[in-house]
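Could you have a look at this structure, given as structure tokens, before my questions?
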Amino acid sequence: MERPSDSTRALALSLGVHLLIVTVIFAGMLFTRTTPPISVAGSPMEATLVSAPSSFKSAANTPPPKPVAPAAPPPQPLPAPRPQQAETPPQLAPQAPPPTPDTRETERAAQLALDQAQEKAQREEVERKRQEQILLDADKQKQDAERRERLRKEQEAREQELADIRKQREAAEVARKREEEKLKQLADRNKPAPSAAPSDAPPAAKLGNNGSDDSLLGRYSLAIQQSVTQNWLRPDSARPGIRCALRIVQIPGGEVIQVSVSTPCNADDLTRRSIEAAVLKAQPLPYRGYESVFQREIRFNFRYDGE
């Protein structure tokens, strides 16, 4: 929108340009001069014609050169027309001062630009910090993953070392038990066979199941079966009529080294594990009084017909 100050400024500029043009034209007219004709004081010059000598006759016969007409002076430029100045009417009232320009819009635009620049700088700073935090988090996650992987490998190495030590101990224990078993077997072989059952083994003399086998080996097998049955915790899934073959490996003294339920067996997995736990719980198995019929590996059928 055109303001009054802009109109005033344009009018003043136009008047200044016209005044400059008039000044230039007037200066050109002052410095333009016209050359006046030559005027010398005194009477005009008179001359008498005299005949020339013979030596100059030839020269006299020569026609005189034609006079050269003087060059015409260049045309003078016409004076530029002077603009007629209109009479300025007298100013009745003093001219009002030009209105003060309103700078509020300019200041408001400058403040808005400054606020936008500050806001942009703040957003860039926040984005820079966010990127730095992302990098820090990624670096921390990487370090945590490396630490967890290192701890996992160390844990696996320790567990493997413990497993190796455990295997070595178990192997040494098995070897020790085997040596003891061999020594006891050698000692049992060197002992004389008793003529009758010892007096301190009343269970062997009284045990029985009303069968026809009255041998010491039969009583020994029955004693082991009854010991396992007494230590059996029957699970709820067990039903009468269970028949399972048991394989027991022991050493002299009745300590069990290995026990397993083999086929045939009509019990479920839970009942099988409970029978194996009963054998381990019953150890040491009956041994005293049955040294002569001791067997390192025993196989017998576990039976359950209900209470």
Which value, rounded to the nearest 0.5 Å, describes the distance between R158 atom CZ and I165 atom CD1?
12.5 Å

Lys/Arg-Asp/Glu bridge criterion (N-O < 4.0 Å) met for R104, E107:
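No, no charged N to carboxylate O under 4.0 Å.
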
Which distance, rounded to the nearest 0.5 Å, do you find between the CZ of R148 and the CD of Q141?
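Interatomic distance, R148 CZ to Q141 CD, rounded to 0.5 Å: 8.5 Å.
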
For R152, run the side-chain hydrogen bond (donor to acceptor under 3.5 Å, both in side chains) check against Q155, E154, E156 and tell me which one passes.
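Running side-chain hydrogen bond (donor to acceptor under 3.5 Å, both in side chains) over Q155, E154, E156 with R152 returns exactly one hit, E156.
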
In the hydrophobic cluster built from side-chain contacts under 4.5 Å, what are the other members alongside I257?
V249, I251

Under the side chain to side chain contact (heavy atoms under 4.5 Å, CB included) rule, what do Q250 and I298 come out as? Steps first, then yes or no, please.
CA-CA 8 Å; Q250 61 176 346; I298 303 173; 2.9 Å; yes

Inspect the contact between R123 and E127 and indicate whether a charged nitrogen and a carboxylate oxygen are less than 4.0 angstrom apart.
no

Taking every heavy atom of Y304 against every heavy atom of R239, the minimum-distance pair comes out as CD2-O, 3.6 Å

Indicate yes or no: does E132 engage K129 in a salt bridge with an N to O separation below 4.0 Å.
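No salt bridge links E132 with K129.
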
First locate atom CG of L270, then atom CD1 of I275, and finally report the distance between them rounded to the nearest 0.5 Å.
10.0 Å

SB check E297 R299 (cutoff 4.0 Å):
yes

Between the side chains of R108 and Q111, does any donor sit under 3.5 Å from an acceptor?
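R108 vs Q111: no donor-acceptor pair found between side chains.
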
Between OH of Y290 and CZ of R219, what distance do you get to the nearest 0.5 Å?
8.0 Å

Please determine which of N301, I224, V261 meets the side chain to side chain contact (heavy atoms under 4.5 Å, CB included) test together with L246.
V261

Which pair of heavy atoms, one from T271 and one from S237, lies closest together, and at what distance?
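Minimum heavy-atom contact is OG1-OG, 3.6 Å.
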
What distance do L285 atom CG and N231 atom CG have between them, rounded to the nearest 0.5 Å?
9.5 Å

So does R272 pair up with E276, basic N to acidic O under 4.0 Å?
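No salt bridge links R272 with E276.
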
Closest heavy-atom contact between S274 and W232?
OG-NE1, 2.9 Å

So does G289 get a backbone contact from the side chain of E291, meaning a donor-acceptor N/O pair under 3.5 Å?
yes

